[in-house]
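Everything on this sheet refers to the single structure shown next.
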2 protein chains.
Amino acid sequence: MEETAPRKGTVTQRGIERIKAMIAEGGLAPGQRLPTERDLAAQLGMSRSSMREAIRALTVLGVLEARHGSGIYVTRLEAADLLETFGVVADLSRGRRLVELLEVRRVLESTATALAAARITPDRLAEVGRRLAAMNATDDPEEILAHDLAFHREIAAAAGNETMAAILDGLSSRTLRARVWRGYQEEDAFARTRREHAAIHRALVARDPEAARAAAAAHVGEVEEWLRARTAG
Amino acid sequence: MEETAPRKGTVTQRGIERIKAMIAEGGLAPGQRLPTERDLAAQLGMSRSSMREAIRALTVLGVLEARHGSGIYVTRLEAADLLETFGVVADLSRGRRLVELLEVRRVLESTATALAAARITPDRLAEVGRRLAAMNATDDPEEILAHDLAFHREIAAAAGNETMAAILDGLSSRTLRARVWRGYQEEDAFARTRREHAAIHRALVARDPEAARAAAAAHVGEVEEWLRARTAG
DNA sequence: CGAGCACACATGGTCGGACCACTTCCGTCG
DNA sequence: CGACGGAAGTGGTCCGACCATGTGTGCTCG
């Protein structure tokens, strides 16, 4: 009996660890349904309240998914599920850390774009082209932002590394982008942005990884430099 | 009255969003203490149970910190706090995604090492050297692992990008490392690893960013390739 | 008068139960 | 045979009580 009580921190914390361990050790497969909250609580010897807190914690981490009236399920455990919380980091970042996040994005985005240049399929490349055209065809900031996000998302997906794509997605969360770009694009950066996007697209069409890497790095680097100056000043 | 009820999903979810918003909008500064659970629940018009779940969720995300008997506080909101959850991703990753994580690490680690070559201070460089020596002076896998982690951590810190360092930390969580390296080092990879670490250190001493980048990429790439072969086969 | 200690209080942690909201499934009725 | 409706199951919310721990206060003793 004493083995069920590792006496580690709070009861809820123990619940989190136990469930995480079950998944890590293969006892719970992706998509599988868990016992009910009541049963789980009984199994691990804790109250339903504490178990609910544990479940809620794993839910926000993208590990579990609770469906009202149906049950609790393990998510697919794909990169996109687990890295959703990355958006929180981006949303809560200010000043210096925002610049650091953009530096990370520059490194990853340039690599992803280079990989995409070598691997992208004609279909996806066409979609990237459509996004570019749509972006240049409107003046509505909201619409531009949406196409911009899709443009980079397609490229990241084409790189063939879902984990990297998911991280980049978090680093370009809609709210973050809206926050940073509001100021950036006010300084008539539209023309420059269009030129940079065109350069990226051109490199992809030419299947030139080095050019793609450089174009992507320059693109993110522009925003990075602007933000750096704005933060320091 | 209706403005306090955005009618968004569950009550708990609303609580999470509200607190997050307070922090994002500057109403709650890092390190600041929040009202008590009971007061917060009353303010946002929900039960203490639901509020507790919201607080627990933000606690695991590294946004809040609950101190028993004292109160609830906003964390320092540093990169290390918010990116702690990255370790969960690493711990729950298997097969293909593990390779992808290592690919991300290779990209970031090589960049961080290159930056470190240009920026590292003599003190920190000396510490890196000590870790290298300690790593080569023992045969205890546990001790080697500890020094190995510290070796890379020092370098990442020297790169001057705390966010990048925190991500790399998550990508090299102790449990992940133990899992992957157990198999890797069984294949007498000790000698190769030592050579690679020495090469990285040499590049840092020479203040040669390009050599540092190449050495770090090769180092991580070795493990990556081994894991890729092992996963595919 | 000052230092140290013990107690009371505030606060987060846990528990149990009750009820609500939604989903699912099965039996019934047309 | 199909559609409808209800019953059971399950997560969501709320309440109230009590426990465990940290904090501050006021008392006591030197």
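Quick note: numbers below take in every heavy atom, side chains included, and nothing from hydrogens, waters or symmetry partners.
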Legend entry - Aromatic contact, H147(A) with H152(A) (centres under 6.0 Å):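 Aromatic pair excluded; centres sit 6.0 Å or further apart.
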
Inset, instruction - Quick one, give me the B/S/- string for nucleotides 5-14 of chain C, reading 5' to 3', where B means a protein heavy atom under 4.0 Å from the base and S means that only happens at the primed atoms, P, OP1 or OP2. - result: ------BBBB

Inset, instruction - Please report, rounded to the nearest Å, how far the P atom of dT10(D) is from the CE atom of M51(A). - result: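 It works out to 15 Å between those atoms.
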
Inset, instruction - Please report, rounded to the nearest Å, how far the P atom of dC22(C) is from the OH atom of Y73(A). - result: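 So the OH-P distance, Y73(A) to dC22(C), works out to 17 Å.
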
Inset, instruction - If the plane angle is over 60° it's perpendicular, under 30° parallel, otherwise tilted; pick one for H197(A) and F151(A). - result: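 Rings of H197(A) and F151(A): tilted, as their planes differ by 30° to 60°.
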
Inset, instruction - Considering only NZ, NE, NH1 and NH2 on the basic side and carboxylate oxygens on the acidic side, decide whether E225(A) and R228(A) come within less than 4.0 Å. - result: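 So E225(A) pairs with R228(A) through a salt bridge.
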
Inset, instruction - State plainly whether the residues D91(B) and K20(A) are in salt-bridge range, i.e. N to O under 4.0 Å. - result: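 The answer is no: the pair does not qualify as a salt bridge.
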
Legend entry - R56(A) and Q13(B), any side-chain heavy atoms less than 4.5 Å apart: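 Sidechains of R56(A) and Q13(B): in contact.
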
